[in-house]
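Given the structure is predicted, the values throughout are model-derived calculations rather than measurements. Both backbone and side-chain heavy atoms feed into the values below; hydrogens, waters and symmetry mates do not. The first residue of the sequence shown is numbered 1, and numbering continues consecutively from there. Whatever order the structure lists them in is the order used to number ligands and atoms, beginning at 1.
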Amino acid sequence: MTDKIAIIGFGNIANAIITPLLDNKLIQPENVYCVVNSGKSLENIKKNYKYNINVYKSNSIDSKKIWDCQVKLLSVKPQHLKDIFESDDIKNKDNLLVSILAGVSINKLTQKFPNHKCVRVVTNIPITVGKGLTGIAWGEKITSDQKQFTKKLFENTSKIYEFTEDYLDIFLALTSSGPAIIALIIEALSDGGLSGGLPKILSEELVMEMIIGTISLIRENKLTTSELKNLVTSPGGTTISALRVLERKSIRSALIESIVSASNRSKEFR
Ligand SMILES: NC(=O)c1ccc[n+]([C@@H]2O[C@H](COP(=O)([O-])OP(=O)(O)OC[C@H]3O[C@@H](n4cnc5c(N)ncnc54)[C@H](OP(=O)(O)O)[C@@H]3O)[C@@H](O)[C@H]2O)c1
C-alpha cells in the first residue's frame, strides 16, 4: 500500500477502517498521520490506541503535515466539513481523497479539495465488527492504482460494491439506515415475546437467532423470500394469522416508505 496515509477525523468509523490494516501490517503506524479536533481525543489516542501513530490537533502547526500524504481518508462528521481546509502549498497534484461523509457529493468534495481526486464512499456501522457493506462512487480521473488502494482500505472489513453516485443514496438508505430499522424490528418482536411472558433478554436472543437462522435457510437452500414464507405458512395456522395482522397494519408499505424516505433525505444533504 501507499507509504503515508492521512486520517482527517479519527473517530469510530476511521478506527474501524484503519485498525485492521495496521493489524494486518498493510500499513505501518509511523506512516499514519491523523488529525482530531479536541485535546481530549488527542490524548486518548496517544495514551490508549494500540498503535503509535502520528496524531495532531486540528489547526496546530504540525497538523499541516497531513497534506503531504498522497492519500487522505476524510472521516469527520458532515457538519464539520466546513472546518477543514486544504493546504495552500500542496506540491503533489496527484492526491487521493476518500470521503466517508454521509450525503456529501463528489462535486462538493472536488470544489473543496481542488488538488485531490475525490472518491465518495458509503459504509455502514457493522464495519466496526468486520461485517460492513461499502459502496464506492469514483470521481473523475481516478487511476487504477488509486482505485485498488481505495478498495484495499475497505475490503478487510466489508463487502464492496461499485456504483455511479446516483445509487449511493438508496445504498445508504438500505445499508446505513438499515441497521436501525432491523434493531427496531428486533426490539418490537422481542416485546411481543415479553408480552407472552418471556424474559426480555431471552426473547431478544430468540429473535436474533431466528433471524440468523432464517437468513441461513434462505441462502443455503437458495429459496426466494416468497418460497420461505409459503414453507412456514399452513392453512388456517398461526403464521397466516400473524401475517394478516401485519398486512392490516400496512407493515410492508411502512418498510418500503422508510427506505424511500431515508434515500430522499440523503439527497437533500447533497
Ligand atoms: N456512525 C455511523 O454509523 C457511520 C456509518 C458510516 C459512515 N459514517 C460517516 O463517518 C463519518 C465519521 O463518523 P463517526 O461516527 O466515526 O464520527 P466520530 O466518532 O464523531 O468521529 C469524528 C472525528 O472527527 C474529528 N473532528 C471533528 N472536527 C474536526 C476537525 N475540524 N478537524 C479534524 N478532525 C475533526 C473528531 O475529533 P474529536 O473527537 O476531537 O471531536 C473525531 O475524531 C461521518 O461523516 C459519518 O457520516 C458514519
Side-chain angles (χ1 to χ4, degrees), residues 5-21 32-49 51 53-67 69 72-87 97-106 108-109 112-113 116 118-137 150 153-154 156-161 163 165 167-184 262-263 265-270:
I5 179 166
I7 320 293
I8 307 171
F10 195 73
N12 294 324
I13 304 294
N15 197 323
I17 295 166
I18 296 303
T19 305
L21 298 174
V32 177
Y33 291 76
C34 79
V35 56
V36 291
N37 191 41
S38 64
K40 195 175 159 207
S41 287
L42 178 85
E43 284 314 308
N44 186 33
I45 294 167
K46 279 189 172 172
K47 266 194 197 152
N48 300 323
Y49 189 53
Y51 293 105
I53 57 176
N54 303 286
V55 54
Y56 311 109
K57 197 168 169 316
S58 56
N59 299 326
S60 64
I61 295 189
D62 277 346
S63 72
K64 293 199 184 321
K65 288 180 190 171
I66 62 161
W67 297 103
C69 301
K72 282 106 191 155
L73 177 70
L74 180 63
S75 43
V76 296
K77 293 276 190 201
Q79 63 267 31
H80 293 137
L81 179 61
K82 62 177 181 2
D83 305 326
I84 314 292
F85 297 98
E86 191 181 85
S87 164
L97 182 130
V98 179
S99 164
I100 60 164
L101 274 60
V104 178
S105 68
I106 294 175
K108 195 166 177 180
L109 292 167
K112 188 146 176 85
F113 304 101
H116 289 78
C118 298
V119 179
R120 186 175 157 203
V121 167
V122 172
T123 190
N124 68 349
I125 194 82
I127 197 172
T128 54
V129 289
K131 301 246 181 228
L133 294 171
T134 295
I136 302 181
T150 306
L153 284 177
F154 297 94
N156 264 303
T157 41
S158 55
K159 286 189 179 172
I160 294 178
Y161 300 83
F163 294 108
E165 196 177 11
Y167 287 96
L168 283 189
D169 297 303
I170 192 68
F171 180 85
L172 177 142
L174 275 179
T175 63
S176 292
S177 305
I181 295 169
I182 295 300
L184 181 142
S263 176
R265 186 79 183 115
S266 169
K267 284 181 192 146
E268 284 169 17
F269 287 133
R270 280 198 217 158

Report the nearest protein non-hydrogen atom to [atom]: residue, atom name, distance rounded to 0.1 Å.
atom	value
atom 10 (O) of ligand 1	I100 CD1, 3.2 Å
atom 29 (C) of ligand 1	N37 CB, 3.6 Å
atom 30 (C) of ligand 1	I84 CD1, 3.6 Å
atom 21 (O) of ligand 1	G11 CA, 3.2 Å
atom 3 (O) of ligand 1	I125 CD1, 3.6 Å
atom 33 (C) of ligand 1	V35 O, 3.7 Å

Show the atoms of ligand 1 that are less than 4.0 angstrom away from any heavy atom in P78.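 In order of number, 44 (C), 45 (O), 47 (O).
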
Quick one: which ligand 1 atoms are inside 4.0 Å of a heavy atom on D83?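 Once the distances to D83 are compared, the set is 31 (N).
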
Give a yes or no on whether [X] atom [atom1] has more than 12 heavy-atom contacts from other residues, nucleotides or ligands under 6.0 Å away.
X	atom1	value
K82	NZ	yes
N59	CG	no
Y167	OH	no

Please report the interatomic distance [atom1]([X]) to [atom2]([Y]), rounded to the nearest 0.5 Å.
X	Y	atom1	atom2	result
Y33	N54	OH	CG	4.5 Å
L74	L101	CG	CG	5.0 Å
I125	I13	CD1	CD1	4.0 Å
N12	I127	CG	CD1	12.0 Å
I53	I45	CD1	CD1	6.0 Å

So which bit of K77 gets within less than 4.0 Å of ligand 1, heavy atoms only: side chain, backbone, both or neither? both

How does S38 reach ligand 1, if at all, at less than 4.0 Å between non-hydrogen atoms: by side chain, backbone, both, or neither? both

Counting heavy atoms only, which of [options] comes nearest to [atom]?
atom	options	answer
atom 12 (C) of ligand 1	S176, A180, S75	S75
atom 5 (C) of ligand 1	T123, N59, T128	T123
atom 23 (C) of ligand 1	G39, G103, S177, G9	G9

Could an N or O of ligand 1 be found under 3.5 Å from any N or O of [X], whether backbone or side chain?
X	result
V76	yes
A102	yes
S41	yes
I13	yes
F10	yes
N12	yes

Taking the inter-plane angle between the rings of F171 and Y161 on a 0 to 90° scale, is it parallel (under 30°), tilted (30 to 60°) or perpendicular (over 60°)?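 Tilted.
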
Determine the interplanar angle of the Y51 and Y49 rings, folded into 0 to 90°, and report it as parallel if under 30°, tilted if 30 to 60°, perpendicular if over 60°. perpendicular

Side chains of N37 and S58: any donor to acceptor distance under 3.5 Å? yes

Is K112 positioned over the aromatic face of F85, cation under 6.0 angstrom from the ring centre and no more than 45 degrees off axis? yes

